[in-house]
Amino acid sequence: MNRPAAYRLALGLGALAVAASAWLLTPVANGRLELHVAAAQAQTPPAHQQTPRRPRRQVEETPPPVVPVDQQAEVQRIEQYLNSIQTLQARFIQTGSDGRVAPGTLSLQRPGRMRFEYDPPATILIVADGSQVTMADFKDRSMSQWPIGWTSASFLAAERVKLNGGDLTVTGVTRANGELRVNLIQTKRPQEGRVEMVFADDPMLLKGWTVWDSKNVPIAVTLSNIHTGLPLSRDLFRFDESKLKRDRFQ
């Protein structure tokens, strides 16, 4: 059973990325988690030669104002919100720095259980069962496992979420354009990267996160169709090795 050091607690998701490296339970191994999205470009030639138009004057957009926040109060409010979630299921889109995307479904059951299931044609499934994380590749019929404590995503599924004063340190909280953004680093390994979590402000709702690894390469995870408080089967968070012998969709 392979337990590579590359999957250790390091910012590079995932998660909530993500996902993306082991920071958010969704490590990108040799790009296998990313689905290439090619941009279609129209090649239709003009019917006739047109007189060049004078370029329009470009108007610079004014960024939304950043509203001062009471960082301690907002961190407590975010912790209270996250601690109110016992179960969560949502669609996600993971976007790499090169624009490649990987959609899928995220399931979470606190404490300790998470599942990232990527849509076909991706063949990756990542499951945390409360004590360890399993990443299965159904194409290669291979799997890797590592303790959930090796991933900072464990704080999302912790019995009690604490964003400051423990394994994580809050470096800043901003409010702008109806969103709260909280930036985090690992207290003991700040050089390994950072994560920015994004919340809708009123009412509060987790919208996603972006992770920058130790080389400052970002991977973003955006959530949609979020449902909380719904019953989830424990079977979602168990992985049977025999499943590698057959297609996961059978």
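Since the structure is predicted, the reported quantities are computational estimates derived from the model, not experimental observations.
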Using a 6.0 Å cut-off, check whether atom CD of Gln86 has over 12 heavy atoms from anything other than its own residue. yes
For the atom pair OG (Ser84) and CE (Met204), what is the distance rounded to the nearest 0.5 Å? 10.0 Å
Can you check side-chain contact (heavy atoms from CB on, under 4.5 Å) on Gln89 and Leu232, steps first, answer last? CA-CA 9 Å; Gln89 195 164 67; Leu232 295 176; 3.8 Å; yes
Not counting sequence neighbours, which residues clear side chain to side chain donor-acceptor pair (under 3.5 Å) with Thr169? List them please. Thr187
Interatomic distance, CZ@Arg110 vs CG@Leu88, rounded to 0.5 Å, equals 10.5 Å
Ser214 versus Glu192, side-chain donor and acceptor atoms under 3.5 Å: no
I'd like to know if the side chain of Gln109 pairs up with that of Thr87 as donor and acceptor (distance under 3.5 Å, no hydrogens or angles considered). no
Any heavy-atom pair between the side chains of Leu184 and Met197 that's under 4.5 Å? yes
Audit row: Asp119, Arg91, salt bridge (charged side-chain N to carboxylate O under 4.0 Å, His left out) steps and yes/no: CA-CA 10 Å; Asp119 292 350; Arg91 293 289 295 166; 2.4 Å; yes
Between Gly193 and Ile185, the two heavy atoms sitting closest are O-CG2, 3.9 Å
If you measure from CD1 on Ile126 to CE on Met135, what distance do you get to the nearest 0.5 Å? 6.0 Å
Rounded at 0.5 Å granularity, tell me how far CZ in Arg194 sits from CG in Asn183. 6.0 Å
Heavy-atom check, side chain of Tyr81 versus side chain of Leu205, under 4.5 Å: yes
To the nearest 0.5 Å, what is the distance between CG (Leu163) and CD1 (Ile78)? 6.5 Å
With a 6.0 Å cut-off (strictly less than), is the heavy-atom count around CD1 of Ile93, excluding the residue itself, greater than 12? no
4.5 Å side-chain heavy-atom contact, Phe116 and Gln94: no
In sequence, state the C-alpha distance, the side-chain angles, and the governing distance for Thr95 and Thr222, and then conclude on side-chain contact (heavy atoms from CB on, under 4.5 Å). CA-CA 8 Å; Thr95 306; Thr222 303; 5.7 Å; no
Correct closest heavy-atom pair for Phe237 and Ser107 would be CE2-O, 3.7 Å
Quick one: side-chain contact (heavy atoms from CB on, under 4.5 Å) partners of Lys162, sequence neighbours excluded? Glu79
Is there a side-chain contact (heavy atoms from CB on, under 4.5 Å) between Leu82 and Phe199 once you walk through the steps? CA-CA 11 Å; Leu82 293 175; Phe199 300 85; 4.1 Å; yes
Decide yes or no for Leu125 and Phe138: does some side-chain heavy atom of the first lie under 4.5 Å from some side-chain heavy atom of the second? yes
So, for Ala220 and Thr210, which heavy atoms are closest and what is the spacing to 0.1 Å? CB-OG1, 3.6 Å
Flag the pair Val75 / Val173 as yes when at least one side-chain heavy-atom distance between them is below 4.5 Å, and no otherwise. yes
From CG (Asp235) to CG (Asp240), nearest 0.5 Å: 10.5 Å
Non-hydrogen atoms of Ser224 and Ala90 that approach each other most closely: O-CB, 3.5 Å
Who passes side chain to side chain donor-acceptor pair (under 3.5 Å) against Glu179, sequence neighbours left out? Arg181, Lys207
Side chain of Arg115, backbone of Leu236: donor and acceptor closer than 3.5 Å? yes
Cluster question for you: counting only ILVMFWY and a side-chain heavy-atom cut-off of under 4.5 Å, with indirect links fine, are Leu168 and Val198 together? no
Under a 4.0 Å N-O cut-off, is there an ion pair linking Asp201 with Arg77? yes
Within-4.5 Å side-chain heavy-atom neighbours: Glu74 and Val170: no
Smallest separation among heavy atoms of Phe239 and Ala136, with atom names: CZ-CB, 3.5 Å
Leu223/Leu206 under side-chain contact (heavy atoms from CB on, under 4.5 Å): CA gap, chis, key distance, verdict: CA-CA 8 Å; Leu223 302 181; Leu206 177 62; 3.9 Å; yes
Ignoring hydrogens and angles, tell me if any N or O in the side chain of Asn83 forms a donor-acceptor pair with the backbone of Val161 under 3.5 Å. yes
Donor-acceptor contact present, side-chain Arg113 to main-chain Pro111, <3.5 Å: yes
